[in-house]
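Side-chain atoms are counted along with the backbone in the values below, which use heavy atoms only and exclude waters and symmetry mates. Remember, it's a predicted structure, so these values are computed and weren't measured experimentally.
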Amino acid sequence: MNRKNALAAGVAAALALGSVTVVATQSAAAPRPTAASGESAARPGAGFQAMTADARGEAIRTATRNATATARALGLGSDERLVAKDVLIDADGARHVRYDRTYRGLSVIGGDLVVHLAKDGTITGSDLAHQGAIRIAGTTPKLTAADASAKAVKHARHVKHAKAGSKDSSLVVYAVGKIPVLAYRSTVTGEGETGPASREAVILDASSGMPLDQYELHQSITGTGNGVTVGQVSIETTQTGSGYTLTDAAHGGTIVYDSYNSPQSNPRQNARAFSKTTNSWGNGTSSSRESAAVDASYGLAKTWDYYKNSFNRSGIRNDGRGAPAYVHVDTGLLNAFYDDNCFCMYFGDGSSQNGNTPVTAVDVAGHEMSHGVTAATANLTYSGESGGLNEATSDIFGTMVEFSADNTGDPGDYYIGEKLNMSGGYMRRMDSPAADGRSLSCWNSSAGSVDVHLSSGIGNHFFYLAAEGTGAKTIGGRSHNGTTCNNDTFTGIGKDKAAAVWYRALSTYMTSTTNYAGARTATLQAAADLYGTNSQERYLVSKAWAAVSVGTALPDPGTPTPSPSTPTPSPTTPPSGNALTNGSFEQGTSGWTQSDSIITNSSLQAARDGSWYAWMMGYGADAIESLSQSNVAVPSTGTPKLTFWLKVTTQESGSTAYDTLKVKVNGTALATYSNADASSGYVQKTVDLSAYKGQTVKLEFAGTEDTYLSTIFLVDQIAIG
């Protein structure tokens with residue numbers, strides 16, 4: 001997640017009820033109000049007020065009126081526009097406004113952002129998927145739409161026998177990397193995991209035609225089988241004349257349709273609403289077409305109730321409107337999926353591989369409906385680590401819906417799809433994701449390269465540990481074992497608190513490009529908001545992240561922090577001879593503190609060695625960044641020195657240092673590099689540390705960029721010895 005200087009020229013805009021006032025400020029991201037350190041209970045709705053549809057509409061209209069002033073306050077360019085998407089209001093009146101961004105009328109992928117405002121309308125901070133103004137050379141592509149469509153078909157990875165027409169390719173600005181580019185977003189259709197009409201988005205550079213990203217458009221549960229019978233339950237229906245339909249007026253008018261096995265390419269082709277003269281539905285088996293509809297209606301209602309009761313959220317888009325659902329889609333379809341384009345959900349009938357059990361389990365319904373909630377909030381990109389977080393979010397809330405439903409035939413547990421008649425007995429396990437032999441339990445440098453259903457295990461494992469802690473337990477009649485990646489042991493904060501933290505992070509701080517490191521930052525901020533900065537809840541959230549190899553645990557707030565005059569133990573120098581931990585970044589963010597998502601394995605730049613490196617600056621706008629490591633033991637013998645490899649590329653010219661990277665030890669700058677040090681490749685740098693021989697120090701790389709033109713500093717293979 002990008003959490004940075006949100007305001008240009010040291011000013012903050014106060015946006016209240018349509019008026020704009022500019023006030024001076026010393027900090028671009030003033031601390032947000034948090035609960036008292038001793039507070040232990042979450043505020044209702046994860047801290048948010050309930051809003052009527054009219055109140056929400058007015059809040060969005062106010063955000064729209066203030067969009068221009070907000071863009072100016074954030075330092076965005078004159079060609080950019082903000083489009084208000086949603087507004088959340090805290091119990092204390094603070095607001096969180098989510099915007100999408102356009103550039104000269106083009107959608108910006110990775111341009112979404114959240115602006116945080118105090119009750120009086122003063123901006124207190126922001127979270128941007130892409131920091132700073134968008135600048136590209138122009139909006140005239142070298143490729144035609146037809147060219148882009150043809151190339152997209154060739155580059156499609158998730159579907160085969162793909163096809164696309166020029167009408168399926170549109171110009172966008174791709175701002176997921178640090179340097180935005182003009183791109184085409186193409187939709188290709190073909191055979192894939194979600195059936196013969198699977199769809200894949202392919203993002204291509206509009207000049208070179210090279211692929212920038214690709215991901216499935218159907219966010220779905222995939223496996224060897226799905227479906228469950230929820231037993232005898234109460235469902236909401238509507239009487240029409242002398243009959244009844246499966247229309248749930250109590251939950252936004254959600255309607256369940258029979259697709260009548262319409263093909264997946266057009267699942268509504270033969271659809272019709274369920275209706276009958278009596279108000280008794282199904283017979284508990286798949287021999288009745290109504291049975292699957294009962295499961296779907298029940299599961300969607302329980303999902304709606306969970307979000308409403310827990311977070312004051314009224315439906316998927318928080319607008320009180322129910323999404324239609326279609327059962328009996330296609331023939332032999334082992335899948336269920338949510339499609340944001342039609343704002344609807346589809347459920348297959350399963351196949352002979354799972355005894356033809358309909359794919360309508362309670363946690364499946366919760367999972368799919370939660371994809372819609374994600375689309376309406378953070379809109380996590382469905383690829384890389386963001387895609388894993390997207391899937392994990394649906395597993396997390398699908399599980400919470402199952403607990404909330406409290407169905408005697410399907411008690412709550414942390415198994416995903418345990419009622420789907422699968423050969424292994426479940427689809428995924430949150431307590432031990434790797435137990436299936438495929439999913440990731442611990443973060444590693446390849447997490448962004450595996451299937452999102454497998455990398456979701458990292459987020460699932462984190463959530464289980466945050467909720468339940470470590471050790472063996474029986475939950476919902478099933479064995480669970482909270483093992484960790486670092487052999488740590490600790491207690492959990494409870495599933496309701498863990499879910500409140502995740503929902504607030506998702507709806508308030510995460511953006512489309514958030515990765516696992518960013519999710520850690522978002523959940524720690526959310527925990528601070530809900531329970532206090534020095535709370536045990538926030539501390540245990542950090543412990544759970546460390547337990548899945550994402551970051552390190554915070555100091556226990558129950559243990560006093562040593563004062564500056566108190567001697568601190570000298571750390572042990574790693575056996576490799578490098579006093580730094582993870583100096584080549586191949587363990588991701590481990591050992592480092594970063595102000596932003598600096599440590600990366602993005603293919604947009606290259607590492608000096610391996611696949612991970614530090615990418616600092618490159619915004620072409622006012623910005624600062626910091627990458628540091630504390631408690632570093634400088635050798636006490638010989639002539640200690642810092643060495644690292646640096647590559648500098650810049651849009652600047654001349655020898656004037658407009659953009660700089662400083663190497664600091666204990667706050668003192670020992671070396672400065674700038675745009676004037678531009679190089680075609682990595683160059684090794686050496687800094688003498690003799691003055692710090694035998695001391696424990698803090699090493700920091702501090703970057704600063706001015707208003708115009710970008711400079712990128714790439715750092716790799718850092719060592720102290």
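- Using modelled atom types, one finds a donor on one side chain and an acceptor on the other under 3.5 Å when comparing E700 with S626.
- With hydrogens and angles ignored, the 3.5 Å screen pairs no side-chain donor or acceptor of R428 with any backbone N or O of S439.
- Ring-centre distance between F585 and W592: below the 6.0 Å cut-off.
- Side-chain atoms of S690 and D688 include a donor-acceptor pair closer than 3.5 Å.
- Y426 and D413 share no side-chain donor-acceptor pair at under 3.5 Å.
- Taking the centre and axis of the six-membered ring of W545, the NZ or CZ atom of R520 falls outside the cone set by 45° and 6.0 Å.
- Contact record, D363 with G417: OD2-N, 3.0 Å, taken as the closest heavy-atom pair.
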Does the ring pair (Phe, Tyr, Trp, His ring centres under 6.0 Å) test come out yes or no for F701 and F713, once each step is laid out? CA-CA 10 Å; F701 290 83; F713 299 94; over 10 Å; no

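- In this structure a side-chain-to-backbone donor-acceptor pair under 3.5 Å is missing from H480 to D431.
- Closest approach of I416 and M430 over heavy atoms only: CD1-SD, 4.0 Å.
- Side chain of Y531 to backbone of R538: no donor-acceptor contact under 3.5 angstrom is found.
- Looking at Y382 and E391, their side chains do bring a donor and an acceptor atom within 3.5 Å of each other.
- S456 pairs by the side chain to side chain donor-acceptor pair (under 3.5 Å) definition with nothing, not counting sequence neighbours.
- Under the side-chain contact (heavy atoms from CB on, under 4.5 Å) rule, Y613 has a single partner from T600, I599, V715, which is T600.
- A tilted orientation is assigned to the rings of Y414 and F463, their planes being inclined by 30° to 60°.
- The salt bridge (charged side-chain N to carboxylate O under 4.0 Å, His left out) check on E468 picks up K473, with sequence neighbours excluded.
- Closest of all the heavy-atom pairs between Y539 and L554 is CE1-O, 3.1 Å.
- Although no hydrogens or angles enter the test, the distance criterion places a donor-acceptor pair under 3.5 Å between the side chain of T381 and the main chain of S512.
- Interatomic distance, D716 CG to W612 CH2, rounded to the nearest 0.5 Å: 12.0 Å.
- A donor-acceptor pair is defined here as one N or O able to donate and one able to accept, closer than 3.5 Å; no such pair exists between the side chain of Q525 and the backbone of A505.
- D213 places no side-chain N or O within donor-acceptor distance of the main-chain N or O of I203, the cut-off being under 3.5 Å.
- S386 contributes no side-chain N or O that, together with a main-chain N or O of S383, makes up a donor-acceptor pair within less than 3.5 Å.
- A heavy-atom distance below 4.5 Å is not found between the side chains of D488 and T470.
- The minimum heavy-atom distance between K698 and S630, with the atom names listed, is CG-OG, 3.8 Å.
- Among pairs with a residue in residues 659-675, those fulfilling side chain to side chain donor-acceptor pair (under 3.5 Å) read D659-T711, at least two apart in sequence or across chains.
- For the pair D496 and M400, the tightest heavy-atom approach, listed with the atom from each and the gap, is OD1-CE, 3.5 Å.
- Side-chain contact annotation: H116 with T124, donor-acceptor N/O pair under 3.5 Å absent.
- Cation-pi contact between R608 and Y682: absent, since separation from the ring centre below 6.0 Å together with deviation from the ring axis within 45° is not met.
- Counting all heavy atoms, side chain and backbone alike, G591 lies closest to T581 at CA-CG2, 4.2 Å.
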Dump the intermediate steps for side-chain contact (heavy atoms from CB on, under 4.5 Å) on I712 and V648, then the final yes or no. CA-CA 6 Å; I712 297 174; V648 182; over 6 Å; no

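- The six-membered or imidazole ring of F462 lies away from that of Y516, with a centre-to-centre distance of 6.0 Å or more.
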